[in-house]
Amino acid sequence: GVVWMLIAMPFVLDLLPSITGGDPVHNPEDRATALAMFHTVFNITNTFALVWFAGRLEKLILRLVPRLDDEREGPHLSFLETHLLATPDLAAVEAKRALATMAQTCVTMYERVVGGLLHPGTTKFGTIIDRLRKEEVTTDEMEEEIVDYCTQLARTGTSKSVSEEVTLFLEAVDELENIGDRCLTLGELAARRKETGAEFGEQAQKELVAMTETVGELLDLTIKSLDPDHPELDFDRAKSLVDSARQLREDSRANHAQRMQDAGAERGDRNRPGNADIRSSLLFLEIMDNLFDVAEYASHAGAAVQRRSRS
């Protein structure tokens, strides 16, 4: 656009007086009008000339500056339009749908990290950790947007039922944000396991697999409870899964303590396991604790919505 205007500049300057009816060269009062007309003609002409080539220009730009594989756009909360606040019941439904979108992001993070937890030796953690950090930032931004939207909704003088629903949404969004934080922590713990070469043993690995499967199923139930199209939550199943996760954590603690004693006995001192055993034990227990935290947060998020559906 600038190139053609530089070429056509003498002709355009000669044309301006006939359009504005003034003489900007000799009359200073006409210069502001002529300048405004010049920019108007320039912008309108450029828009009309280039709008037909928008698709080709987009392809050219993407070819010159390609998007990297790990630069995919994250989810956007396109539901949260302020004009919906005029209809509180509809706005509450869309806020719940936004929660479901945030929950799906958390599930994506969890699925990304599980492979690293179970198979650290074959996992490239550099890329995974970068993506987890970006997704964790995304969950933070989603939380901020949902909280702001719910705050505006609460100020519109909504009915008692909608006000109660908004309160529960705020509880759920806080739990989901905690899940994102824990998923990032789990990714970093899995990377540490690979860096240190920590070995958990066959039985510990089975316990880890059982925990990841339990937490994964609970996250799936949470998404269904937050989706307006699937509002019913199998609350009894969710409670059973949380109880199973809690029992797995307690059993893993007891079993791992026994394994450490057995490792010490093999070295001739049952009460003094090796340093490597201690580091592996602490890392294993930290992973199990964080997995249980994810289970509890998911349960709390689903339970918040369930309380509303039962009221």
Between atom CD of E296 and atom CG of L291, what is the distance when rounded to the nearest 0.5 Å?
12.5 Å

Mind checking the CD1-CG spacing from I223 to L99? Nearest 0.5 Å is all I need.
12.0 Å

Checking the side chain of E199 only, and the main-chain atoms of S280 only, is there a donor and an acceptor separated by less than 3.5 Å?
no

Do you know which two heavy atoms are closest between I287 and L186, and how far apart they sit?
O-CD2, 3.7 Å

Applying salt bridge (Lys or Arg N to Asp or Glu O under 4.0 Å), can you list everything that pairs with R182, at least two apart in sequence or on another chain?
D293

Does a side-chain heavy-atom distance below 4.5 Å link P120 with F125?
yes

Considering all heavy atoms, the nearest T123-K194 contact
O-NZ, 2.7 Å

Run R246 and V242 through side-chain contact (heavy atoms from CB on, under 4.5 Å) and show every step you take.
CA-CA 6 Å; R246 182 180 292 105; V242 174; 3.9 Å; yes

Just how far is it from atom CG of N290 to atom CD1 of I179, taken to the nearest 0.5 Å?
12.5 Å

Quick one: closest heavy-atom pair of L118 and Q205, and the distance?
O-NE2, 3.0 Å

Side chains of R237 and L241, heavy atoms from C-beta outward: is any pair under 4.5 Å?
yes

Side chains of R56 and L60, heavy atoms from C-beta outward: is any pair under 4.5 Å?
no

Are R193 and F200 in a cation-pi setup, meaning NZ or CZ lies under 6.0 angstrom from the ring centre and within 45 degrees of the ring axis?
yes

Under the side-chain contact (heavy atoms from CB on, under 4.5 Å) criterion, do E286 and L282 qualify, and how do the steps go?
CA-CA 6 Å; E286 191 172 359; L282 293 175; over 6 Å; no

Between E250 and R253, is there a salt bridge with N-O shorter than 4.0 Å?
yes

Could you measure the distance from the CD atom of E143 to the CD atom of E177? Nearest 0.5 Å is fine.
4.5 Å

Give a yes or no on whether a salt bridge exists between E135 and R112, defined as a side-chain N under 4.0 angstrom from a carboxylate O.
yes

Check: E207 and D251 side chains under 4.5 Å, non-hydrogen atoms
no

If the threshold is 4.0 Å, N to carboxylate O, is there a salt bridge linking K134 and D130?
no

Can you list everything that forms a salt bridge (Lys or Arg N to Asp or Glu O under 4.0 Å) with E188? Sequence neighbours excluded, please.
R133

Regarding Q152 and D148, is there a side-chain donor-to-acceptor distance under 3.5 Å anywhere?
yes

State plainly whether one hydrophobic cluster holds both V209 and L189, where clusters connect Ile, Leu, Val, Met, Phe, Trp and Tyr through side-chain heavy atoms under 4.5 angstrom apart.
yes

Keeping the roles fixed (side chain from D174, backbone from L170), state whether a donor-acceptor pair exists under 3.5 Å.
no

State, to 0.1 Å, how close V166 and A154 come at their nearest heavy-atom pair, and which atoms those are.
CG1-CB, 4.4 Å

Side chains of L184 and V113: closer than 4.5 Å at any heavy-atom pair?
no

So CG of L132 and CE of M109: to nearest 0.5 Å the spacing works out to 5.0 Å

Under 3.5 Å, is there a donor on one side chain and an acceptor on the other for Q203 and N255?
no

Can you measure from OG (S244) to CZ (F292) and round to the nearest 0.5 angstrom?
11.0 Å

Ignoring hydrogens and geometry, is there a side-chain-to-backbone donor-acceptor pair from Y110 to V215 under 3.5 Å?
no

Is the backbone of A295 close enough, under 3.5 Å, to the side chain of S299 for a donor and an acceptor to pair up by distance?
no

Nearest heavy-atom contact between A95 and C150 is CB-SG, 4.4 Å

Closest contact, heavy atoms only, A298 versus L219
CB-CD2, 3.8 Å

